[in-house]
Number of protein chains: 2
Amino acid sequence: MTQNIEIEVKLPDFELDLFLPYLLTEAAEKLSHDLAAIYRDAGLSTPQWRVMVHLSYSGQVSVRDIERRVSMEKSKVSRAAARLELAGLVAKRGDPDDGRLVALGLTEAGRALMAQLLPRAIDYQRQLEATLGADLPLFHKALSRLLNKEAPE
Amino acid sequence: MTQNIEIEVKLPDFELDLFLPYLLTEAAEKLSHDLAAIYRDAGLSTPQWRVMVHLSYSGQVSVRDIERRVSMEKSKVSRAAARLELAGLVAKRGDPDDGRLVALGLTEAGRALMAQLLPRAIDYQRQLEATLGADLPLFHKALSRLLNKEAPE
DNA sequence: GATTTTTCGTTGCAAATGCAACGTGTTTCC
DNA sequence: GGAAACACGTTGCATTTGCAACGAAAAATC
């Protein structure tokens with residue numbers, strides 16, 4: 001007859017406050033949330049904002065280009081672009097050379113909107129850089145190391 | 001009679017690759033994605049994982065506690081907890097002192113699972129720390145500065 | 001040059017999300 | 001002690017999301 005022994009499994013110590021995936025997520029969500037105040041009044045969602053930003057400093061661009069550059073699902077890009085077109089901020093044409101591609105570009109209204117929003121985003125970036133001060137280059141270096149690190153296993 | 005002059009709105013230069021909200025989001029998503037490989041096989045979603053982690057180093061805890069501590073919507077916590085209970089990983093009791101509160105805690109099965117998963121998460125953290133090397137303390141400092149920075153406006 | 005493969009963008013669908021509203025229980029205030 | 005205000009956790013609902021599947025178009029293969 002075996003005894004019924006209650007074994008309390010011992011868990012390793014774990015400091016959530018030092019856990020980098022958690023910390024980074026927190027920081028990213030905070031910055032994105034604060035930034036969103038800039039474009040939300042203009043009726044833009046976050047995916048729409050990202051598309052607009054990309055179109056602001058690129059010329060004619062396909063959905064696939066944005067997908068790769070901003071790492072957004074192509075369906076997300078597609079839907080964001082559709083709404084931006086409805087709002088008159090983005091023009092969507094077929095690429096004359098390749099019938100599969102769509103050529104996205106800002107309309108004049110889109111450029112006018114971004115001419116208002118981008119300076120505010122740049123200003124926010126300046127504030128963040130000021131917050132980091134002299135540590136900024138090192139912070140960038142650290143981020144790019146994390147981004148380029150290959151996945152484990 | 002006014003001339004119809006096409007004015008191309010000039011947009012300010014904008015380097016997405018240096019934009020901190022974007023960079024942080026990228027890095028956070030990458031780390032979270034890589035980490036998810038550890039708990040996804042166990043059938044845990046990300047919200048469920050977060051709840052499990054919190055319960056691993058706290059005792060009996062209410063939904064509100066988790067909401068505040070891990071900054072997850074209470075509905076998200078509630079639904080994650082409901083599924084964890086169904087899976088037998090979490091026990092949900094009413095708090096005897098306060099009838100509104102729910103007392104969440106790991107079951108033995110839950111502790112056993114986390115005893116498997118936590119070391120792997122800790123190992124992943126060690127890899128990240130190794131990647132950052134001597135810059136780790138400064139990186140932490142930078143992150144906490146960004147997190148504590150008050151929102152503009 | 002016809003056929004198979006691949007690429008691109010959209011859409012259908014199931015699941016997840018955020019928010020408000022609700023029921024229940026507790027605290028506050030008179 | 002009763003009424004109003006508040007806190008907690010769940011649920012309903014509209015919206016968003018990710019993924020797979022699809023049709024159209026181009027590339028690759030033979």
Side-chain angles (χ1 to χ4, degrees), chain A residues 25-26 28-30 32-37 39-40 43-52 54-55 58 60-87 90-105, chain B residues 25-26 28-30 32-37 39-40 43-52 54-55 58 60-87 90-105:
Chain A
T25 300
E26 289 289 292
E29 282 179 1
K30 184 205 173 349
S32 292
H33 175 268
D34 289 351
L35 175 69
Y39 56 75
R40 186 151 300 274
L44 297 182
S45 70
T46 298
Q48 288 168 14
W49 162 255
R50 286 227 194 159
V51 169
M52 292 293 284
H54 188 62
L55 292 182
S58 305
Q60 296 283 34
V61 157
S62 73
V63 168
R64 190 75 178 182
D65 287 331
I66 301 183
E67 177 183 15
R68 273 195 273 257
R69 192 62 183 71
V70 206
S71 55
M72 284 171 60
E73 286 277 321
K74 60 182 176 176
S75 63
K76 218 171 172 179
V77 176
S78 175
R79 287 189 251 246
R83 304 210 176 171
L84 290 170
E85 190 185 23
L86 273 182
V90 160
K92 202 182 338 182
R93 308 175 312 135
D95 186 304
D97 295 338
D98 188 334
R100 297 168 299 180
L101 295 178
V102 163
L104 296 174
Chain B
T25 300
E26 289 290 293
E29 281 178 2
K30 184 205 175 345
S32 293
H33 176 267
D34 289 351
L35 175 68
Y39 56 75
R40 186 150 303 273
L44 298 182
S45 69
T46 299
Q48 288 168 15
W49 161 255
R50 286 228 194 159
V51 169
M52 293 293 284
H54 189 62
L55 292 181
S58 305
Q60 296 284 34
V61 157
S62 73
V63 168
R64 190 72 174 184
D65 287 331
I66 301 183
E67 178 183 15
R68 275 195 273 255
R69 192 64 184 70
V70 207
S71 54
M72 282 172 62
E73 285 277 321
K74 59 181 178 176
S75 63
K76 219 172 173 177
V77 176
S78 175
R79 287 190 251 246
R83 305 212 175 170
L84 291 170
E85 190 185 24
L86 272 182
V90 160
K92 202 179 345 180
R93 309 177 309 134
D95 186 304
D97 296 335
D98 189 332
R100 297 168 299 180
L101 295 178
V102 165
L104 296 174

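We name chains A, B, ... by the order of the sequence lines, and we start the count at 1 in each one.
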Flag if over 12 foreign heavy atoms under 6.0 Å of CZ, B:Arg69 = yes
Counting any heavy atom closer than 4.0 Å, what does A:Arg93 reach on the DNA or RNA strands: base, sugar-phosphate only, or nothing?
-> nothing
Among D:dT17, C:dT26, C:dC8, which nucleotide sits nearest the side chain of B:Asp98?
-> C:dT26
5'-most contact on DNA chain D (nearest-nucleotide basis), A:Arg83 vs B:Asp65, goes to B:Asp65
Test A:Leu44 against A:Leu84 for side-chain contact (heavy atoms from CB on, under 4.5 Å), laying out the working first.
-> CA-CA 9 Å; A:Leu44 297 182; A:Leu84 290 170; 3.8 Å; yes
B:Ser78 vs D:dG9: side-chain N/O to OP1/OP2 distance below 4.0 Å | no
Separation of atom CZ in A:Arg50 from atom C1' in D:dT17, rounded to whole Å | 14 Å
Quickly work out the A:Lys74 NZ to D:dG18 C1' distance and round it to whole Å.
-> 12 Å
Within this structure, what is the CD-to-C1' distance between A:Glu67 and C:dT10, rounded to whole angstrom?
-> 13 Å
Figure out the CG/C1' separation between A:Asp97 and D:dA24, and round it to whole Å.
-> 17 Å
Short side-chain N/O contact from B:Lys76 to OP1 or OP2 of C:dA16, under 4.0 Å = no
Report yes or no: does B:Arg50 contribute a side-chain atom to a donor-acceptor pair with the main-chain N or O of B:Val70 at less than 3.5 Å?
-> yes
Looking only at side-chain atoms of B:Val102, point me to the closest of C:dG25, D:dT10, C:dG12.
-> D:dT10
Quick one: is C:dT10 close enough that its OP1 or OP2 comes under 4.0 Å of any side-chain N or O from A:Lys92?
-> yes
Between A:Met52 and A:Val90, does a side-chain contact (heavy atoms from CB on, under 4.5 Å) hold up when you go through it step by step?
-> CA-CA 8 Å; A:Met52 292 293 284; A:Val90 160; 3.9 Å; yes
Contact class for A:Ser75 (heavy atom, under 4.0 Å): base, sugar-phosphate, or nothing?
-> base
What is the distance, rounded to the nearest whole Å, between atom CG of B:Leu44 and atom C1' of C:dA16?
-> 16 Å
Spell out yes or no: do the side chain of B:Arg100 and the base of C:dT24 have one donor N/O and one acceptor N/O closer than 3.5 Å?
-> no
Grab the CG-C1' distance between B:Leu101 and D:dA7 for me, whole Å please.
-> 9 Å
Is a donor-acceptor pair below 3.5 Å formed from side chain B:Arg79 to base C:dG18, judging by atom type as modelled?
-> yes
B:Arg64 side-chain proximity, nearest of D:dG9, C:dG9, D:dA7 | D:dG9
Should B:Arg64 and B:Glu67 be marked as a side-chain contact (heavy atoms from CB on, under 4.5 Å) after you check the CA-CA gap, both sets of side-chain angles, and the distance that decides it?
-> CA-CA 5 Å; B:Arg64 190 72 174 184; B:Glu67 178 183 15; 3.0 Å; yes
Among C:dC19, D:dG9, C:dT24, the nucleotide that comes nearest once only the side chain of B:Glu73 is considered | C:dC19
To the nearest Å, give me how far apart CE (B:Met72) and P (D:dT10) are.
-> 13 Å
Let me know, please, whether A:Asp95 or A:Pro47 comes out on the 5' side of the other along DNA chain D by nearest nucleotide.
-> A:Pro47
